[in-house]
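Every number for a ligand or one of its atoms is a count from 1 in the order of the listing. Quick caveat, the model's predicted, so the values are computed rather than measured.
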Amino acid sequence: MHSETERVYEMVLKRDPDQREFQQAVKNVLMSIDKIIDEIPEITYHKILERMTEPERAVIFRVPWTDDEGRLQINRGFRVQMSSAIGPYKGGLRLHPSVNLSIMKFLAFEQVFKNSLTGLPMGGGKGGSDFDPKGKSDNEVMRFCQSFMTELYRHIGQDTDVPAGDIGVGAREVGFMYGQYKRIRNESVGILTGKGLDFGGSLIRPEATGYGLVYLTEAILRDRHMSIEGSTSIVSGSGNVAQYTVEKINELGGKAVTLSDSSGMIYDPDGISKEKLEYVKILKNVKRGRIKEYADKYKVEYIPRSSDEANPIWDIKADYAFPCATQNEIIKKDAENLIKNGVKYIGEGANMPCSAESEKLFLDSHVLLAPSKAANAGGVAVSGLEMAQNSARLTWTRERVDEELKNIMKGIYKNMSEAAEKYSDKDNFIDGANIAGFMKVARAMLAQGYV
Ligand code: NDP
Ligand code: 2IT
């Protein structure tokens, strides 16, 4: 490593020795910047990397709410405002019991480069809480969301910070949070994205992450004489990103044969057809059930998740793999299984789903990998378009938003592959995405002085 990247990494390790996910995300970017740092002495001289790895602001707050039995519950809320160099902080809110400062900071850090890659003027942030929405009633979720927003409102704003959904936060939660913000501030502005269509949401925002992932994938494959059409894919997760990834794979004539949740996975060798996917959407988004019910209904194999060891989903033979659940869901053993079974491409729908070891295995084995900060950027890109529509007090057609999304994903592919070719290897999209995302943020920071 270059002395400056090494210095900054050591500093991160020393400052936050327990923040493993944050360290992993930082190291991934630093390893790529290592390849350009000699050419751009300003990065070192103006301590760009040291500044980028320290959040501009991080707030942690108490979230008290009462459950349906009238008992007081206390959760911890977060908002990490990592960088406003190129625009207002932008990034989702995650509600999951595993949420902690390390996970918030890794996600906010990734978001900075991802948002830069979209080409839209958005800085990076992330927030959420260790609240577990599983098994909670609608009223409990509402009371939690109202309490969460009762603190969060003072830190956000349409020109300051615009949150959105992530794990555990979809249309229901965004609606409750938006309602509470409006009530406190007495103003109707686009302070959240992913809103319902009746009050400022954008068409295609629910679909955008999964669709964008498949658009980018198709562009990468096309250049290598491959295609989704006629192929088989394995997809993990069964939430927002997984659902619309499968939908677009189906539309392009491919077949997706798996879905999962934290309890287990289903394997449907005939493919998750349009009709079966409609069942999944109702099961997951309305009934809030478990993916096991799919196996019961369609009489297919269900494999429960038994340990933190290799996940059986990554041992199913397929052309392409789309991890769409959570960070580090592909560990070394999973990568070995995927490679053994001849997988040709990994499209990261989730944020940082491949461990550092598995990423290295894919690179060494020449398995193409589209990293999350490029591959799942379609979601935040359409969030950016939702902000534009809100500011203009207009709504665009489905066709227009979809077209803009396609163009943004095309632009990401172009910038990422050009940077890969220029500074690394033409198929090293990890370096390509990191370097292309980094350059714009670094230039903005250099122009704005020491802030
Ligand atoms: P959802 O809450 O809609 O779905 C999450 C899915 O992942 C569920 O099936 C869930 O299973 C599973 N999952 C979550 N945590 C774990 C875990 N620790 N172990 C195993 N399975 C888990 O979330 P999204 O689909 O929105 O998000 C999925 C991923 O995509 C995340 O990494 C997110 O950061 C990323 N992403 C999301 C975007 C968006 O617009 N929503 C945009 C870009 C990236 P279970 O129900 O059992 O918890
Ligand atoms: O990780 C992500 O990019 C998201 N959860 C979406 C963020 C957003 O602001 O739409």
Side-chain angles (χ1 to χ4, degrees), residues 21 87-99 103-104 106-115 117-118 120 122-128 132-135 161-174 190 192-195 201-202 204-213 235-246 259-266 280-281 283-285 288-292 294 304-305 308 311 313 322-330 347-354 372-387:
E21 292 84 0
Y89 310 107
K90 180 84 196 85
L93 297 170
R94 176 177 291 192
L95 297 183
H96 193 272
S98 63
V99 161
I103 291 180
M104 294 286 97
F106 116 66
L107 288 163
F109 184 74
E110 291 284 290
Q111 200 79 44
V112 174
F113 305 96
K114 182 194 308 190
N115 294 2
L117 282 168
T118 67
L120 300 172
M122 299 182 291
K126 200 85 184 190
D132 185 359
K134 271 199 207 84
D161 184 356
V162 183
D166 192 78
I167 292 176
V169 177
R172 176 181 62 168
E173 293 73 19
V174 169
L192 284 162
T193 59
K195 298 183 291 299
S202 175
I204 303 281
R205 177 63 189 88
E207 295 88 339
T209 312
Y211 280 17
L213 170 63
V235 178
S236 67
S238 48
N240 172 272
V241 180
Q243 290 167 19
Y244 290 103
T245 298
V246 173
L259 282 173
S260 67
D261 56 29
S262 52
S263 315
M265 61 164 284
I266 58 106
V280 173
K281 286 184 189 169
L283 174 69
K284 284 290 174 181
N285 311 344
R288 302 185 190 276
R290 308 302 293 160
I291 202 65
K292 180 175 188 304
Y294 180 106
R305 185 88 176 97
D308 282 341
N311 188 336
I313 199 165
F322 295 93
C324 297
T326 194
Q327 64 275 357
N328 291 325
E329 58 173 305
I330 298 185
E348 294 188 341
N351 283 305
M352 202 170 77
C354 294
S372 46
K373 46 175 89 67
N376 71 29
V380 74
V382 174
S383 278
L385 303 180
E386 182 171 326
M387 288 165 72

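Ligand 2 lies less than 4.0 angstrom from a heavy atom belonging to K126. Within the 4.0 Å heavy-atom shell around ligand 1 one finds R94. Residue-ligand proximity: Q243 is placed with every non-hydrogen atom at 4.0 Å or more from ligand 1. Contact between S238 and ligand 1 is present, with at least one heavy atom of the residue lying under 4.0 Å from the ligand.
Remark: atom 10 (C) of ligand 1 lies closer than 4.0 Å to no protein heavy atom.
In L107, neither the side chain nor the backbone holds a heavy atom less than 4.0 Å from any atom of ligand 2. Under 4.0 Å from ligand 1, not a single heavy atom of S98 appears. Contacts with ligand 1 closer than 4.0 Å are made by heavy atoms of both the backbone and the side chain of N351. Contacts with ligand 1 closer than 4.0 Å are made by no heavy atom of S236, backbone or side chain. With a heavy-atom cut-off of 4.0 Å, R205 touches ligand 1 through its side chain alone. Contacts of R205 with ligand 2, taken as heavy-atom pairs under 4.0 Å, involve the side chain alone. The proximity of R305 to ligand 1, defined as any non-hydrogen pair under 4.0 Å, does not occur for either the backbone or the side chain. Using a 4.0 Å cut-off between heavy atoms, E329 makes no contact with ligand 1 at all.
Listed for the E348 side chain is no donor-acceptor partner under 3.5 Å among the backbone atoms of N376. The backbone N or O of P206 sits less than 3.5 Å from a side-chain atom of N240, completing a donor-acceptor pair. Using a distance-only test at 3.5 Å, with no hydrogens or angles considered, no donor-acceptor pair links the side chain of D161 to the main chain of G125.
Among all protein heavy atoms, the one lying closest to atom 10 (O) of ligand 2 is S383 OG, 2.5 Å. Among all protein heavy atoms, the one lying closest to atom 39 (C) of ligand 1 is T209 OG1, 3.5 Å. Counting protein heavy atoms only, atom 46 (O) of ligand 1 is closest to R290 NH1, 3.3 Å. The protein heavy-atom contact nearest to atom 44 (C) of ligand 1 is N376 ND2, 3.3 Å. In terms of protein heavy-atom proximity, atom 23 (O) of ligand 1 is nearest to I167 CA, 3.4 Å. What sits closest to atom 25 (O) of ligand 1 on the protein, heavy atoms only, is V241 N, 3.0 Å. In terms of protein heavy atoms, atom 15 (N) of ligand 1 is closest to H96 NE2, 3.6 Å. Protein heavy atom at the shortest distance from atom 9 (O) of ligand 2 is K90 NZ, 2.7 Å. Looking only at heavy atoms of the protein, atom 7 (C) of ligand 2 is closest to G92 N, 3.5 Å. Of the protein's non-hydrogen atoms, the one nearest atom 2 (C) of ligand 2 is K114 NZ, 3.2 Å.
Taking 4.5 Å as the limit, some side-chain heavy atom of K284 sits within range of a side-chain heavy atom of D261.
Of the listed residues (P133, P97, A375, S262), the one carrying the non-hydrogen atom nearest atom 20 (C) of ligand 1 is S262. Counting heavy atoms only, A164 comes closest to atom 8 (C) of ligand 2 of the residues A350, A377, G194, A164. When R288, E348, K134 are checked for heavy-atom proximity to atom 48 (O) of ligand 1, K134 turns out nearest. Distances from atom 28 (C) of ligand 1 to the heavy atoms of A164, A325, G239, P353 put A325 nearest. Within the set T326, L107, V169, the minimum heavy-atom distance to atom 18 (N) of ligand 1 is found for T326.
The atoms of ligand 1 that sit less than 4.0 Å from any heavy atom of C324 are 28 (C), 29 (C). Proximity to S260 (heavy-atom distance under 4.0 Å) selects the following atoms of ligand 1: 9 (O). The contact set between ligand 1 and A350, taken as ligand atoms under 4.0 Å from a residue heavy atom, comprises 29 (C), 30 (O), 32 (O), 35 (C). Close contacts between ligand 1 and G168 involve ligand atoms 2 (O) [criterion: under 4.0 Å to a heavy atom]. Within ligand 1, counting atoms from 1 as listed, the ones closer than 4.0 Å to a heavy atom of G237 are 9 (O).
With values rounded to the nearest 0.5 angstrom, S238 atom OG is found 13.5 Å from K281 atom NZ. Residue I291 holds its CD1 atom at 10.0 Å from OG of S263, rounded to the nearest 0.5 Å. The distance from the CD atom of Q327 to the CD1 atom of I167 is 6.5 Å, given to the nearest 0.5 Å. To the nearest 0.5 angstrom, R288 atom CZ is 11.0 Å from L283 atom CG. Rounding to the nearest 0.5 angstrom, the gap separating the OG atom in S372 from the CD atom in E110 is 5.0 Å. In this structure, NZ in K373 is found 14.0 Å from OG1 in T118, a value given to the nearest 0.5 Å.
No N or O atom of G379 sits closer than 3.5 Å to an N or O atom of ligand 1. The distance criterion of under 3.5 Å between nitrogen or oxygen atoms is met by N240 with respect to ligand 1. Backbone and side-chain nitrogen or oxygen atoms of K284 are examined, and none is located within less than 3.5 angstrom of a nitrogen or oxygen of ligand 1. In terms of polar-atom proximity, D166 is counted as a contact of ligand 1, with an N or O under 3.5 Å from an N or O of the ligand. The shortest N/O to N/O separation between N376 and ligand 2 does not fall below 3.5 Å. The shortest N or O to N or O distance between G165 and ligand 2 is under 3.5 Å.
Residue T209 forms a side-chain contact (heavy atoms from CB on, under 4.5 Å) with just one option from T245, V380, V241, and that option is V241.
Take D166 and apply the side chain to side chain contact (heavy atoms under 4.5 Å, CB included) test, not counting sequence neighbours, and it matches R94, K126, N351.
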